[in-house]
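Note sheet for the following structure.
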Amino acid sequence: MANNENYDVVVVGAGIVGLAHAYHALNRGLRVAVVDHADSVTGASVQNFGHACITAQAGTALRYGRKGRRHWLDLAHKAGFWSRPAGTLCVARHDDEQAMIAEFAAERGDREVRVLNRTEILDRLPIRPDGVTGGMYLPNDLQVDPRTAAPSIARWLESSGVSFHWRTAATHFDAGVVHTTRGDLRAPTIFVTVNYDIDRLFPEYADRDELQRCRLHMLRAQAPLGFALPAPLFTGWSLVRYSGFAHLPSKDVVLQRLRTEYPDYADIDLHQMYTPQPDGSILVGDTHAKDVSTSPFQSEKGFAVLIEEAEKLFGAPLTVTERWQGVYSSAPAKEFLVEEPIAGVHVVTVTTGIGMTTSMGLAEESVERAFARNDIRVSA
């Protein structure tokens, strides 16, 4: 029972953003509790690619990604989940995509971006050579197993002294108090990290930022490739999606060509990318549809497009082993929602699909800011 227990920090939400807050609070020697309505880690934190695509970000998200990288490596060691600093490969299949890559490399430099010619990218990737013009390698990106990373972190946090209150829903807040379905939890600092469910606890922020739920088509598949895919793989669709590429001169040229060549893909908002898994399978995705409420129904068109485009790229048939609908929080004008509606109660939500990439750095700054503002002291 949660009845009137006292902590230094209470985190509401056991997704990766909440777990990252618990990790940073624990590192400060604080007594920490995590509350979640489910009985284990679920939702966006296990439905994703497991790809920390740090380099493709810009602004605040890039800062969070860079700061969080060492924490991912630290937690992979401590919590014992599969990870690797594999970087990211991106294949260009048109001259305008290669031009965009050259622009990005000129801006970021060799430490972050390595331009590859046609021969170099084909040597690294088990793909068809048709139309390939070159590519790039982003060496600083990371990969984890999305099914095991967040649950492993939760288990390690619990073994390290963090109290978890599963199947316990937060209902409302006062300064220093989380009211839950199993009693009150008290702490001078509270982090509310509930992703898209922020509209159920603080609807005024969801209304203000036009918060929606973004639904994805996702697949896991096996394919008889010439050799294993060595790292997460971006395509031209990635170049027109991530904020790090948004301002590049060639971006609009690439976007317009893709929309002209693939007009039927606009309504499913395709992003063609692939991440290899420890068991040899590949995660294939994704599409995007945004609504305030999540429809349980998915068109087969999205899955058909993902399979068709993957088979064209790899030149091999896919055997699909799993299909699912990923869901994450989305807002049209911002990537993060960070507010303090009540003294000591901090709402922290990633409002786009970069929670895994930014969570560790976001939480580090969030905890630092809360401590500075609230003059938190470690309990005796």
Side-chain angles (χ1 to χ4, degrees), residues 11-21 37 42-49 51-54 56-65 67-68 170 173 190-218 237-238 240-247 251 255 266-271 273 285-295 302 325-342 345-366 369-370:
V11 179
V12 179
I16 193 59
V17 175
L19 296 174
H21 279 79
H37 66 88
T42 59
S45 296
V46 297
Q47 296 167 354
N48 62 84
F49 285 104
H51 182 206
C53 49
I54 298 164
Q57 310 306 322
T60 302
L62 179 60
R63 185 178 79 244
Y64 289 158
K67 291 185 72 170
F173 304 86
I190 298 162
F191 296 103
V192 184
T193 61
V194 293
N195 199 258
Y196 44 75
D197 283 337
I198 198 64
D199 60 4
R200 296 171 182 173
L201 292 175
F202 294 97
E204 64 273 23
Y205 296 133
D207 293 344
R208 181 196 67 189
D209 293 344
E210 301 177 31
L211 200 69
Q212 294 181 305
R213 289 162 174 79
C214 184
R215 299 180 288 114
L216 320 176
H217 286 78
M218 296 281 290
W237 294 98
S238 310
V240 298
R241 175 164 295 278
Y242 288 104
S243 60
F245 310 124
H247 64 289
K251 188 254 184 159
L255 179 60
D267 62 330
I268 61 172
D269 193 6
L270 178 68
H271 176 207
M273 69 168 290
D286 53 2
T287 68
H288 304 80
K290 297 173 183 178
D291 306 286
V292 173
S293 297
T294 304
S295 170
Q325 177 175 254
V327 183
Y328 63 71
S329 177
S330 177
K334 60 170 56 176
E335 294 180 315
F336 306 97
L337 191 167
V338 179
E339 296 287 350
E340 188 178 0
I342 302 166
V345 178
H346 305 270
V347 174
V348 186
T349 299
V350 181
T351 53
T352 187
I354 55 174
M356 295 290 280
T357 300
T358 60
S359 56
M360 295 296 162
L362 165 64
E364 182 178 22
E365 291 194 14
S366 178
R369 184 168 54 249

Any side-chain heavy-atom pair of [X] and [Y] under 4.5 Å:
{"X": "V11", "Y": "T193", "value": "yes"}
{"X": "V347", "Y": "I198", "value": "yes"}
{"X": "M273", "Y": "H51", "value": "yes"}
{"X": "Y205", "Y": "P341", "value": "yes"}
{"X": "R241", "Y": "D269", "value": "yes"}
{"X": "S359", "Y": "V350", "value": "no"}
{"X": "E335", "Y": "I354", "value": "yes"}
{"X": "L216", "Y": "H288", "value": "yes"}

Give, for atom [atom1] of [X] and atom [atom2] of [Y], the distance between the pair rounded to the nearest 0.5 Å.
{"X": "S293", "Y": "D199", "atom1": "OG", "atom2": "CG", "answer": "7.5 Å"}
{"X": "T349", "Y": "F336", "atom1": "OG1", "atom2": "CZ", "answer": "11.0 Å"}
{"X": "L270", "Y": "W237", "atom1": "CG", "atom2": "CH2", "answer": "5.5 Å"}

Does Y196 form a side chain to side chain contact (heavy atoms under 4.5 Å, CB included) with T294? I'd like the steps, not just the answer. CA-CA 10 Å; Y196 44 75; T294 304; 5.9 Å; no
Contacts of F49 that satisfy ring pair (Phe, Tyr, Trp, His ring centres under 6.0 Å) - sequence neighbours left out: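 Listed in chain order: nothing, the list is empty.
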Check the pair L201, V192 against side chain to side chain contact (heavy atoms under 4.5 Å, CB included), reporting the backbone distance first and the verdict last. CA-CA 9 Å; L201 292 175; V192 184; 4.0 Å; yes
Sequence neighbours left out, what passes side-chain hydrogen bond (donor to acceptor under 3.5 Å, both in side chains) with [X]? Give chain and number order.
{"X": "S238", "result": "H271"}
{"X": "T358", "result": "none"}
{"X": "H37", "result": "none"}
{"X": "S366", "result": "H21"}

Between [X] and [Y], which heavy-atom pair has the shortest distance, and what is it?
{"X": "H346", "Y": "A370", "value": "NE2-CB, 3.5 Å"}
{"X": "V292", "Y": "L211", "value": "CG2-O, 4.4 Å"}
{"X": "C214", "Y": "S330", "value": "CB-CB, 4.0 Å"}
{"X": "V327", "Y": "Q47", "value": "N-OE1, 3.0 Å"}
{"X": "A20", "Y": "M360", "value": "CB-SD, 3.7 Å"}
{"X": "V240", "Y": "K251", "value": "O-CE, 3.7 Å"}

Side chain to side chain contact (heavy atoms under 4.5 Å, CB included), that's the test. Do L337 and R208 meet it? Break it down for me. CA-CA 11 Å; L337 191 167; R208 181 196 67 189; 4.3 Å; yes
Walk me through it: do N195 and V17 pass the test side chain to side chain contact (heavy atoms under 4.5 Å, CB included)? CA-CA 8 Å; N195 199 258; V17 175; over 6 Å; no
For D291, which of R213, Q212, R215 qualifies under side chain to side chain donor-acceptor pair (under 3.5 Å)?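 Exactly one option meets the side chain to side chain donor-acceptor pair (under 3.5 Å) with D291, and it is R215.
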The criterion is salt bridge (charged side-chain N to carboxylate O under 4.0 Å, His left out); which residues satisfy it with E364, sequence neighbours excluded?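 Salt bridge (charged side-chain N to carboxylate O under 4.0 Å, His left out) check on E364 returns R70.
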Are the side chain of Q57 and the backbone of C53 linked by a donor-acceptor contact shorter than 3.5 Å?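 Yes, Q57 side chain to C53 backbone: donor-acceptor pair under 3.5 Å.
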Please check: side-chain N/O of D207 versus main-chain N/O of E204, any donor-acceptor pairing under 3.5 Å?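 No, because the side chain of D207 does not come within donor-acceptor range (under 3.5 Å) of the backbone of E204.
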Are the charged groups of R369 and E340 less than 4.0 angstrom apart, N to O?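 Looking at R369 and E340, the cut-off is not met.
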Assign the ring pair F245 / Y242 to parallel, tilted or perpendicular, where the plane angle (0 to 90°) is split at 30° and 60°.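 Answer is perpendicular, since the angle exceeds 60°.
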Is the NZ atom of K334 crowded by more than 12 outside heavy atoms at less than 6.0 Å?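 Atom NZ in K334 is crowded, with more than 12 foreign heavy atoms closer than 6.0 Å.
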